Asker: 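This is the structure I have questions about; it appears just below.
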Amino acid sequence: SAPRSGPSGEESLTQMVADCSVYLDVAVSCLHAPVEQLDLCVARDDAGELQPLWPPLRERMLALVTERNAAVVINTSREWRALGLEDRAPGKLLLVPLRHSDGHVCGLLCTLNRAEGVDFSNSDRRLMEVLGDQGSRIIQRSYDKVTGLLNRHGFERRAARLLEREPAHPVGSCAAS
């Protein structure tokens, strides 16, 4: 078969996350899709204390967006407390779900800005929903449309990511007699 042209799915997702930061003028933009083993984060130079907030928040944010099955906008400390997330608002947050073709949430796209920044608007939410749909389609390209199983391209990408992360381990063999 002919070689694929254009950026890989992960490169496209990384660019999309970077675009979120630019389009919305936010300090941090992240994408988290645990089944896909994707955790991408782009931070501006002035993100300061906001970027380290992402790792401890990502699973809680994924649970929240999965429960709501919709975009979540958090602009005030009162909204953070109402969700039982924090006593003190670390900033403003806009989350949108990433979905598999069957509609279930498989990840999230997130933007985080300083507490003193401009509130996220409905227009910001709609833009993030469009970008989340785009991200979902990029992720869906790794799956067979009929079976829902990883296709060859998705398998190769996932295997390559695993091999990059894990040091080489000798593989033994076993023969039964």
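Here the structure is a predicted model, which is why all the values come from computation and not from measurement.
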Asker: Roughly how far, to the nearest 0.5 Å, is the CG atom of Leu13 from the CG atom of Leu98?
Answerer: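 Between Leu98 CG and Leu13 CG, I get 8.0 Å after rounding to 0.5 Å.
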Asker: Check whether any side-chain N or O of Arg99 sits under 3.5 Å from a backbone N or O of Asn69 as a donor-acceptor pair, and report yes or no.
Answerer: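 Looks like yes, one N/O pair under 3.5 Å.
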Asker: Of the options Thr111, Asp119, Thr76, which is the one that meets Lys92 in a side-chain hydrogen bond (donor to acceptor under 3.5 Å, both in side chains)?
Answerer: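 So, applying the side-chain hydrogen bond (donor to acceptor under 3.5 Å, both in side chains) to Lys92 and each of Thr111, Asp119, Thr76, only Asp119 qualifies.
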Asker: For a quick test of reading the model, state the closest non-hydrogen atom pair linking Ser21 to Val28 and the distance between them.
Answerer: OG-C, 4.2 Å
Asker: Quick one: pull up CG in Leu95 and CG in Leu108 and give me the separation to the nearest 0.5 Å.
Answerer: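 CG of Leu108 is found 6.0 Å from CG of Leu95.
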Asker: Using a 3.5 Å distance criterion without hydrogens, assess whether the side chain of Asp133 forms a donor-acceptor pair with backbone atoms of Val130.
Answerer: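 No; judged by distance alone, with no hydrogens or angles, the pair does not exist.
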Asker: Mind checking the CG-CD1 spacing from Asn113 to Ile74? Nearest 0.5 Å is all I need.
Answerer: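 So the CG of Asn113 and the CD1 of Ile74 are separated by 13.5 Å.
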Asker: Verify, without hydrogens or angle tests, whether Trp54 (side chain) and Ser29 (backbone) share a donor-acceptor contact under 3.5 angstrom.
Answerer: no
Asker: Within the 3.5 Å criterion, strictly below it, is a donor on Asp102 or His104 matched to an acceptor on the partner's side chain?
Answerer: yes
Asker: At what distance, to the nearest 0.5 angstrom, does SG of Cys110 lie from CG of Leu62?
Answerer: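 So the SG of Cys110 and the CG of Leu62 are separated by 11.0 Å.
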Asker: Can you tell me how far apart CG (Leu40) and SG (Cys20) are? Round to the nearest 0.5 Å.
Answerer: 11.0 Å
Asker: Return the CD to CE distance between Glu11 and Met16, rounded to the nearest 0.5 Å.
Answerer: 14.0 Å
